[in-house]
Engineer: 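Below you'll find the structure I mean.
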Amino acid sequence: MNKTIKHILQFILLILIQVFILNNINLFGYLNPYLYVLFLITYSFKNNQSETIFLGFLLGFSLDLLSQSAGAHTIASLTIGFLRPYFAIFSFRLKLSELPENLISKDTRILNKISFLFLMLFIHHFILFFIIFLDPNSILLILKNTFLTSVFSIIVIWPILTLLEIKND
């Protein structure tokens, strides 16, 4: 299948799953997994960085429009779209020019994948909750929500990444 069509379908499917299914999950009354970040996690590093940032913007903007969340997802997605190569460099201990097309494969170590995944999700969720609460006095609540939602999102995303690894081999 053409890579562009595959990315478009993945983009749309993740947004629809997030808006219509996952946003309705409230574990312990407030925890929602954010699966849509998976698009930026699995997006190829061989593509232009400006394209990745633009897609991060579109991803967050689409989610904000459908869930009426006033720009929080846009800013968080845009930020991790920009920081993604730096997280990969830190997590996988590679230079920018050495990054493979797909970091999430069977060839990469599990600790590197977990580090990359946690960095992406933690920073995304921190920015998201900081913008939602918009109160520096609520920093403990922001950190609690960020950590717990990141763990919940990892629990949801990890099996999907494993299936994608199996499918790509």
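Since the model is a prediction, treat every value here as computed from it, not as a measurement.
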Engineer: Could you check if a side-chain atom of Leu31 sits within less than 4.5 angstrom of a side-chain atom of Asn26, using non-hydrogen atoms only?
Structural biologist: no

Engineer: Leu22: which residues meet the side chain to side chain contact (heavy atoms under 4.5 Å, CB included) condition with it, sequence neighbours left out?
Structural biologist: Ile17, Gln18, Ile25, Pro33, Leu35

Engineer: What are the two closest non-hydrogen atoms of Asn23 and Ser67, and how far apart are they?
Structural biologist: ND2-CB, 3.7 Å

Engineer: Please list, chain by chain and in numerical order, all residues satisfying side chain to side chain contact (heavy atoms under 4.5 Å, CB included) with Asn48, sequence neighbours excluded.
Structural biologist: Ser50, Glu51

Engineer: Can you give me every donor-acceptor pair (side chain of residues 127-145, partner residue at least two apart or in another chain, under 3.5 Å) with its distance?
Structural biologist:
unit_1 : atom_1 : unit_2 : atom_2 : d
Asp135 : OD1    : Asn137 : N      : 3.2
Asp135 : OD2    : Ser138 : OG     : 3.2

Engineer: Return the CD1 to CZ distance between Ile89 and Phe45, rounded to the nearest 0.5 Å.
Structural biologist: 8.5 Å

Engineer: Apply side-chain hydrogen bond (donor to acceptor under 3.5 Å, both in side chains) to Gln10 and list each qualifying residue two or more places apart in sequence or on a separate chain.
Structural biologist: Thr42

Engineer: Are Ile41 and Ile155 grouped together when hydrophobic residues (ILVMFWY) are joined by side-chain heavy atoms under 4.5 angstrom apart?
Structural biologist: yes

Engineer: Decide yes or no for Phe54 and Leu58: does some side-chain heavy atom of the first lie under 4.5 Å from some side-chain heavy atom of the second?
Structural biologist: yes

Engineer: Check whether any side-chain N or O of Gln49 sits under 3.5 Å from a backbone N or O of Pro85 as a donor-acceptor pair, and report yes or no.
Structural biologist: no

Engineer: Please list, chain by chain and in numerical order, all residues satisfying ring pair (Phe, Tyr, Trp, His ring centres under 6.0 Å) with His125, sequence neighbours excluded.
Structural biologist: Tyr34

Engineer: Could you work out, with side-chain hydrogen bond (donor to acceptor under 3.5 Å, both in side chains) as the rule, every residue matching Thr79, not counting sequence neighbours?
Structural biologist: none

Engineer: Measure centre to centre between the rings of His73 and Phe61, then say whether the value is under 6.0 Å.
Structural biologist: no

Engineer: Quick one: ring pair (Phe, Tyr, Trp, His ring centres under 6.0 Å) partners of Phe147, sequence neighbours excluded?
Structural biologist: none

Engineer: Going from CD1 on Ile154 to CG on Leu117, what distance comes out if it is rounded to the nearest 0.5 angstrom?
Structural biologist: 4.5 Å

Engineer: Suppose we screen for side-chain hydrogen bond (donor to acceptor under 3.5 Å, both in side chains). Which residues come up paired with Ser62, at least two apart in sequence or across chains?
Structural biologist: none

Engineer: Quick one: closest heavy-atom pair of Phe116 and Arg84, and the distance?
Structural biologist: CE1-O, 3.8 Å

Engineer: CG of Leu38 to CD1 of Ile157: how many Å apart, nearest 0.5 Å?
Structural biologist: 5.5 Å

Engineer: What's the separation between atom OG in Ser150 and atom NE2 in His124, rounded to the nearest 0.5 Å?
Structural biologist: 9.5 Å

Engineer: State, yes or no, whether a side-chain contact exists between Val151 and Leu121 at a heavy-atom distance under 4.5 Å.
Structural biologist: no

Engineer: Looking at every non-hydrogen atom in both residues, tell me the closest pair between Gly71 and Asp64 and how far apart they are.
Structural biologist: CA-OD2, 3.0 Å

Engineer: Kindly compute the distance separating CG (Leu148) from CG (Asn32), expressed to the nearest 0.5 Å.
Structural biologist: 12.5 Å

Engineer: Can you name the residues that form a side chain to side chain contact (heavy atoms under 4.5 Å, CB included) with Ile110, not counting sequence neighbours?
Structural biologist: Ile114, Trp158

Engineer: Show, in sequence, the C-alpha distance, side-chain angles and deciding distance for Asn47 and Leu55, and conclude whether the side chain to side chain contact (heavy atoms under 4.5 Å, CB included) test is met.
Structural biologist: CA-CA 11 Å; Asn47 293 333; Leu55 288 172; over 6 Å; no

Engineer: List for me each residue that meets side-chain hydrogen bond (donor to acceptor under 3.5 Å, both in side chains) alongside Thr149, sequence neighbours excluded, and say none if there are none.
Structural biologist: none

Engineer: List in chain and number order the residues that pass ring pair (Phe, Tyr, Trp, His ring centres under 6.0 Å) with Phe118, two or more places apart in sequence or in another chain; answer none if no residue qualifies.
Structural biologist: Phe122

Engineer: Using side-chain heavy atoms (C-beta onward) and a distance below 4.5 Å, is Tyr36 in contact with Ser77?
Structural biologist: yes

Engineer: What residues, two or more places apart in sequence or in another chain, satisfy ring pair (Phe, Tyr, Trp, His ring centres under 6.0 Å) together with Phe11?
Structural biologist: Phe39

Engineer: For Ser91 and Asn112, does a side-chain donor sit closer than 3.5 Å to a side-chain acceptor?
Structural biologist: no

Engineer: Within the side chain of Asn24, is there an N or O that forms a donor-acceptor pair under 3.5 Å with the backbone of Phe20?
Structural biologist: yes

Engineer: Look up atom NE2 in His7 and atom CD1 in Ile12, then write down how far apart they are to the nearest 0.5 Å.
Structural biologist: 13.5 Å

